[in-house]
Amino acid sequence: MDENDKTATWSEAASEQYARMAAAAVPRRREQLASLLALLPLDASARVVELAAGEGLLSEAILRAFPAVQVLALDGSAVMRATCQERLQHYGDRAQVADFD
């Protein structure tokens, strides 16, 4: 994508490319997730909405850290939603994945 082109949009090919290189493109992801979790003031009745959830790493970390919390993970990419849905499926009704524009 040309960042100067205001008409450019994120594509499914870009999602697939990001998924392949994410570990290198986002160094120290685990430390970043741990920092975010430490800052979340969640209680048992909380519902978290993650915008641009991508692969669902943050949503999964939240679900794991807060056993009573529900997460709605939104993403505009079908590729990312499928990956996120697979990652979160064992959380049952506590996790939902939906389209987001």
Side-chain angles (χ1 to χ4, degrees):
M1 290 183 354
D2 177 4
E3 62 185 53
N4 296 321
D5 180 3
K6 301 297 183 198
T7 63
T9 59
W10 190 262
S11 68
E12 293 303 315
S15 292
E16 290 171 355
Q17 181 180 11
Y18 175 79
R20 286 191 301 272
M21 61 181 264
V26 185
R28 304 180 74 171
R29 280 176 127 183
R30 288 183 188 196
E31 291 92 340
Q32 291 177 20
L33 289 173
S35 295
L36 283 170
L37 291 176
L39 296 171
L40 292 176
L42 297 178
D43 63 26
S45 63
R47 180 162 184 182
V48 174
V49 177
E50 182 182 7
L51 304 178
E55 301 168 289
L57 292 174
L58 178 58
S59 290
E60 180 181 38
I62 291 168
L63 289 163
R64 193 174 334 122
F66 302 97
V69 168
Q70 296 180 350
V71 172
L72 172 59
L74 302 174
D75 202 278
S77 164
V79 168
M80 291 296 183
R81 284 193 312 275
T83 302
C84 185
Q85 183 67 50
E86 185 176 328
R87 179 180 307 278
L88 303 181
Q89 69 184 352
H90 65 277
Y91 291 97
D93 292 343
R94 292 182 52 219
Q96 295 177 316
V97 179
D99 190 14
F100 176 72
D101 183 13

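Both backbone and side-chain heavy atoms feed into the values below; hydrogens, waters and symmetry mates do not.
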A.B. asks: Check whether any side-chain heavy atom of Asp93 sits under 4.5 Å from a side-chain heavy atom of Gln70, and report yes or no.
C.D. replies: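 Contact flag for Asp93/Gln70 side chains = no.
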A.B. asks: Quick check: is Val49 connected to Leu33 through a chain of hydrophobic side chains (ILVMFWY, heavy atoms under 4.5 Å apart)?
C.D. replies: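 They do not share one cluster, since no chain of ILVMFWY contacts under 4.5 Å joins Leu33 to Val49.
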A.B. asks: Show me the pairs that pass salt bridge (Lys or Arg N to Asp or Glu O under 4.0 Å) and involve residues 63-72, at least two apart or across chains.
C.D. replies: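 Sorted result for residues 63-72: Glu60-Arg64.
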A.B. asks: Determine yes or no for a side-chain-to-main-chain donor-acceptor pair under 3.5 angstrom, with Asp75 supplying the side chain and Ala53 the backbone.
C.D. replies: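 Yes; judged by distance alone, with no hydrogens or angles, the pair exists.
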A.B. asks: Set out, in order, the CA-CA distance, both residues' side-chain angles and the distance that settles side-chain contact (heavy atoms from CB on, under 4.5 Å) for Val48 and Val69, then state yes or no.
C.D. replies: CA-CA 7 Å; Val48 174; Val69 168; 3.8 Å; yes
A.B. asks: Flag the pair Leu74 / Asp99 as yes when at least one side-chain heavy-atom distance between them is below 4.5 Å, and no otherwise.
C.D. replies: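 No, side chains not in contact.
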A.B. asks: What pair of heavy atoms forms the shortest contact from Gly54 to Cys84, and how long is it?
C.D. replies: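 So the two residues come closest at O-CB, 3.4 Å.
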A.B. asks: Okay, side chain of Arg94, backbone of Leu63: is any donor-acceptor separation there less than 3.5 Å?
C.D. replies: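 Such a contact is found between Arg94 side chain and Leu63 backbone.
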A.B. asks: Show, in sequence, the C-alpha distance, side-chain angles and deciding distance for Arg87 and Leu57, and conclude whether the side-chain contact (heavy atoms from CB on, under 4.5 Å) test is met.
C.D. replies: CA-CA 8 Å; Arg87 179 180 307 278; Leu57 292 174; 3.2 Å; yes
A.B. asks: If hydrophobic clusters are built by linking Ile, Leu, Val, Met, Phe, Trp and Tyr wherever their side-chain heavy atoms come under 4.5 Å apart, do Val97 and Phe66 end up in the same one?
C.D. replies: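 Yes, same cluster.
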A.B. asks: With a 3.5 Å cut-off and no angle check, do the side chains of Glu50 and Ser59 form a donor-acceptor pair?
C.D. replies: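 On atom types as modelled, these side chains qualify, holding a pair under 3.5 Å.
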A.B. asks: Are Leu37 and Val71 grouped together when hydrophobic residues (ILVMFWY) are joined by side-chain heavy atoms under 4.5 angstrom apart?
C.D. replies: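 Yes; tracing contacts between hydrophobic side chains, which count when under 4.5 Å, links both residues.
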A.B. asks: Are Leu51 and Leu72 connected in the hydrophobic side-chain network, where two residues link if heavy atoms are under 4.5 Å apart?
C.D. replies: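 Yes; Leu72 is reachable from Leu51 via cluster members.
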A.B. asks: Between Arg81 and Glu86, is a side-chain contact (heavy atoms from CB on, under 4.5 Å) present by the stated rule, with each step listed?
C.D. replies: CA-CA 8 Å; Arg81 284 193 312 275; Glu86 185 176 328; over 6 Å; no
